[in-house]
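Notes for the one structure printed next.
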Amino acid sequence: MPAPPRPSRAFFTRRTLVVARALLGCRLVHSDRDGTRVSGWIIETEAYIGPEDEGCHAHSGYTQRNANLWGPPGHAYVYFTYGMHWMFNIVTERAGFPAAVLIRALLPSEGVERMRRRRGGGRPDLTGGPAKICQALRIDRRLNGADLCLPSAEIWLERGRPFPPSTVTTGPRVGLNNVPEPWKTIPWRFRLDPRELPAPRGIPWARDP
DNA sequence: AGGACGATTAACT
DNA sequence: GTTAATCGTCCTG
């Protein structure tokens with residue numbers, strides 16, 4: 001089996017809303033140190049677009065923390081928040097224009113046994129939130145700025161098949177509690193119906209929210 | 001040097 | 001529905 005094609009630089013060098021929609025159904029893959037793949041299909045994304053977007057970190061200006069937002073497309077923007085959580089974004093558009101797509105949810109695919117977290121109890125939801133994704137795929141500041149297009153990348157994407165518009169829903173972005181309108185409710189969140197994707201084997205609870 | 005706050009999560013009532 | 005956890009980052013002084 002040849003490796004599935006990876007999105008090219010040009011894939012990310014487009015309008016952020018286009019990229020956010022196109023990322024749905026792609027597989028996000030992390031290679032552990034021993035080469036084991038830990039991955040999931042992207043089912044939820046959010047767009048953060050430019051300095052005018054008051055929900056976007058770029059709105060408060062360039063800092064060391066958010067520098068990668070202004071960087072070249074196809075690189076990771078990883079940041080730390082709430083004193084304990086990492087967030088994984090992919091930079092879009094042209095270098096010099098700050099924009100990115102936040103990866104909000106995955107459907108677990110490979111290496112699920114490595115996604116288990118210390119704190120268990122009940123039925124674990126391993127990749128149903130942006131911080132859970134980072135914990136499951138071991139994403140932290142080491143990967144801030146990583147180029148997802150490099151053949152030698154530790155984390156990368158693999159293209160999925162296209163999905164009809166009827167399988168995708170949109171809505172307001174999550175967690176922008178102190179952000180004014182229209183940015184607070186502008187429908188820049190995208191979700192793919194997980195039933196469009198292969199069923200995870202051996203983890204029947206994986207589809208549950 | 002100190003304080004406010006966050007693109008969240010889990011565990012509560 | 002509410003709230004504690006927990007600390008890097010940014011801003012003020």
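Letters A, B, ... are given to chains in the order of the sequence lines, protein chains preceding strands, and every chain is numbered from 1. The structure presented is a predicted model; accordingly, all values stated were derived computationally and were not measured. Side-chain atoms are counted along with the backbone in the values below, which use heavy atoms only and exclude waters and symmetry mates.
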Quiz item: Atom CG of Leu176(A) and atom CD of Glu181(A): how far apart are they, to the nearest 0.5 Å?
Solution: 10.0 Å
Quiz item: How long is the gap from CZ on Phe88(A) to CD1 on Ile133(A), to the nearest 0.5 Å?
Solution: 9.0 Å
Self-check item: Residue pair Thr92(A), Tyr48(A): steps toward the side chain to side chain contact (heavy atoms under 4.5 Å, CB included) verdict
Solution: CA-CA 9 Å; Thr92(A) 56; Tyr48(A) 290 87; over 6 Å; no
Quiz item: Where the side chain of Asn144(A) meets the backbone of Val78(A), is there a donor-acceptor pair that is under 3.5 Å apart?
Solution: yes
Quiz item: Using atom C1' of each nucleotide, how far apart are dT3(C) and dC5(B) to the nearest Å?
Solution: 16 Å
Practice problem: Let me have DNA chain B in dot-bracket notation, would you? Count Watson-Crick plus G-U wobble pairs, both distances under 3.5 Å, and use [ ] for pairs crossing earlier ones and | for inter-strand partners. | Solution: ||||||.|||||.
Quiz item: What integer distance in Å separates Gln135(A):CD from dA10(B):P?
Solution: 8 Å
Quiz prompt | Polar pair under 3.5 Å, donor/acceptor by atom type, side chain Tyr79(A), base dA7(B) | solution = yes
Quiz item: Between Lys132(A) and dA10(B), is there a side-chain N or O to OP1/OP2 distance below 4.0 Å?
Solution: yes
Quiz item: Shortest non-hydrogen contact from Glu93(A) to Thr16(A)?
Solution: OE2-OG1, 2.6 Å
Practice problem: Assign each of Pro130(A) and Thr81(A) to its nearest nucleotide of DNA chain B by heavy atoms, then name whichever residue's nucleotide is nearer the 5' end. | Solution: Thr81(A)
Self-check item: Nucleotide dT2(C), atom P - distance to CG of Asn177(A) in whole Å
Solution: 11 Å
Practice problem: Starting from P on dT8(B), measure out to OH on Tyr82(A) and report it in whole angstrom. | Solution: 5 Å
Quiz item: Does OP1 or OP2 of dG6(B) have a side-chain N or O of Asn178(A) closer than 4.0 Å?
Solution: yes
Self-check item: Closest to the Leu102(A) side chain, choosing from dA7(B), dA5(C), dT8(B)
Solution: dA7(B)
Quiz item: Distance check: side-chain N/O of His85(A) vs OP1/OP2 of dT6(C), anything under 4.0 Å?
Solution: no
Enumerate all atom pairs, one protein N or O and one N or O from nucleotides 8-10 of chain C, separated by less than 3.5 Å.
unit_1  : atom_1 : unit_2    : atom_2 : d
dT9(C)  : OP1    : Arg141(A) : NH2    : 3.0
dC10(C) : OP1    : Thr63(A)  : OG1    : 2.2
dC10(C) : OP1    : Arg65(A)  : N      : 3.4

Quiz item: If Ile, Leu, Val, Met, Phe, Trp and Tyr residues are connected whenever their side-chain heavy atoms lie under 4.5 Å apart, and connections chain through other members, are Ile139(A) and Ile43(A) in the same group?
Solution: yes
Practice problem: Rounded off to whole Å, could you give me the NE2-to-C1' distance for the His57(A) and dT8(B) pair? | Solution: 12 Å
Exercise. Keeping the roles fixed (side chain from Arg21(A), backbone from Val18(A)), state whether a donor-acceptor pair exists under 3.5 Å.
Key: no
Quiz item: Is Glu154(A) reaching over with its side chain to a backbone N or O of Leu143(A), donor-acceptor style, under 3.5 angstrom?
Solution: no
Self-check item: Pairs involving residues 49-77 of chain A, ordered by first then second residue, that meet salt bridge (charged side-chain N to carboxylate O under 4.0 Å, His left out) (sequence neighbours left out)
Solution: Asp53(A)-Arg173(A)
Quiz item: Under 5.5 Å between ring centres and under 30° between planes: true for Tyr48(A) and the base of dA7(B)?
Solution: yes
